[in-house]
Amino acid sequence: MISEKDFIFNQNAALISEGGFEWSAPSNIALVKYWGKKANQIPANPSISFTLNHCKTITKLGFTKKHSDKLSVTNSRFSFDLLFEGKPKEDFKPKIQKFFERIEVYCPYLKNYHFIIDTQNTFPHSSGIASSASGMAALAMNIMSLEKELNPRMTDDFFYQKASFLARLGSGSACRSIKGDIVVWGNHKEINGSSDLFGVELPSEVHANFKNYQDTIILVDKGEKQVSSTVGHDLMQNHPFAVQRFSQAHQNLSAIKRILENGNLVEFIKIVESEALTLHAMMMTSMPYFILMKPNTLEIINKIWSFRNETHIPLCFTLDAGANVHVLYPENYKNETLQFIKDDLVGYCQNGQYICDEIGFGSQLILEN
Ligand code: DP6
C-alpha cells in the first residue's frame, strides 16, 4: 500500500534555474459528501464527486532559483508573490503560506525558489462557489510540473497521484479535482485502489445515462459563508451522530457505485438528495449548530420536487456547505430542464444568476516554458 513516505522528494538532481507553467483545474460537486476529518487531512469517510467542466481556476506559476542548489527545509522562508486576476492580493497569501508549510516535507525544493503565482477563476468572485478545490488543485498541478523538471523519470501515474496528494493537503475536496470525471477519495472496501491520501478515478464502467451529466448551479446567496468548512469538519469530532453518519457514507458509496454502473436514475436521485440533506442535518445538529440554507434554497428544492412529480424528468438537487443549489440532470433532458430553471427558479437567484456546467475530466496543462 502507498504511504505518505512514498511522496517525499529525495532526488539529488541539480535544480533548474527558472521557468513557468500554467494549469487549469476544475471545481467538483460531491454526490456522497466529505464532512469530518482526522489529523493531516485524512477524511472521516470516503466521498465521490463529479468533476465539473466550466467552473475552473487557472493558475500560472513562475519560478526563479534563489541561491544555493542545496535543498533547505529548515533555514529559509517561503518566498512568493500572489496575484489574483493580475493584481497583488495579500489576503490570499496566508492560505498559500499554510499550504506550503503542509507540503514542504514532500517538496523540499520549494524553499529554493521564488514563485510568482498568478491565479484567476472562470466563475465570478464571491459567487458563493468555493474556489478552494479548484485553486489548490491548480497550484498542486503547477508544483508537480516543477517537480517533474527536477525528476524527469517520474511516471504519469505518480505525477497525478502526488498532485492529488498535495492538493488534499491544501483542501480535502481539491484532491478530487485533478484527474477523471468521477473521483473517489477515501478508503472504501469495494473500490480498488481507493485511498485516504489521494483521489482515484472510479474504476468501474459508468452507464451511458451519466455521460455528460449536467450541473446547473443556482446562485442563491453570494455572501460570505457563516462558517468555514474547516470549522464545520471539526464539529463532526464530538458530533452525536458521527459514527452513524460515517458508516452511512460507506453504504451510500457502495450503493452509488452500483447505480453509476447500472444507470438507475431513480435510485441515484434518492442517494444524492439524501446526502445533501444529511450534510445540512449534520450542521444543524452540531454544537454550535448552524443553518446554511436560505429560504430560497427551500423554495427551489420544493419547485424541483413538484416539477419532477409532474414531468417525471429525473432531475435532482445537491448542496455544498452553502445556500446555492446544484441541479443535476441527464444531458437528454437539457432543454426542458433549462426552460424550467428559466421559468421557475431564476426568480430565487441573486440577480437572476445561474451557471451551466457539466461533467468534465480534470486539470489541464495550458502552458509550459
Ligand atoms: C461540503 O474540502 O472545503 O463541499 O479540507 O477543510 O479544505 P477542507 O474542506 P473542503 O470541504 C468540502 C466539504 C463539502 C463536501 C464535499 O465536497 O465532499
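Both counts, for ligands and for their atoms, begin at 1 and track the order of listing. All residue numbers in this chain count up from 1 along the given sequence.
Between Glu331 and Lys211 there is no salt bridge, since none of the side-chain N atoms of the basic residue sits less than 4.0 Å from a carboxylate O of the acidic one. A salt bridge links Lys111 to Glu104: one of the charged nitrogens lies within less than 4.0 Å of a carboxylate oxygen. With respect to Glu261 and Lys257, a salt bridge is recorded, a charged nitrogen being found less than 4.0 Å from a carboxylate O. Ion pairing of Glu275 with Lys270 is absent here, as no side-chain N (NZ or NE/NH1/NH2) approaches a carboxylate O to less than 4.0 Å.
Heavy-atom contacts of Asp320 reach the following atoms of ligand 1: 4 (O) (cutoff under 4.0 Å). Distances below 4.0 Å separate heavy atoms of Ala30 from the following atoms of ligand 1: 16 (C), 17 (O), 18 (O). Listed by atom number, the atoms of ligand 1 under 4.0 Å from Gly172 heavy atoms are 2 (O), 5 (O), 7 (O), 8 (P). Ligand 1 places these atoms under 4.0 Å from at least one heavy atom of Lys37: 5 (O), 6 (O), 8 (P).
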Decide salt bridge (Lys or Arg N to Asp or Glu O under 4.0 Å) for Lys179 and Glu201; before the verdict, give the C-alpha distance in whole Å, the side-chain angles of both, and the deciding distance to 0.1 Å. CA-CA 7 Å; Lys179 191 164 179 273; Glu201 288 180 66; 3.1 Å; yes
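Residue Trp35 has no N or O atom closer than 3.5 Å to an N or O atom of ligand 1. Ligand 1 has a nitrogen or oxygen under 3.5 angstrom from a nitrogen or oxygen of His233.
Residue contacts with ligand 1 for Ser173 involve both N, CA, C or O and side-chain atoms from C-beta outward (heavy atoms, distance under 4.0 Å).
By heavy-atom distance, the residue among Ser171, Ser228, Pro43, Ser27 lying nearest atom 7 (O) of ligand 1 is Ser171. Selection from Glu275, Arg168, Arg176 by nearest heavy atom to atom 16 (C) of ligand 1 gives Arg176.
Under the 4.5 Å side-chain heavy-atom criterion for ILVMFWY residues, no single connected hydrophobic cluster contains both Tyr34 and Leu253.
Gln248 CD: more than 12 foreign heavy atoms inside a 6.0 Å radius.
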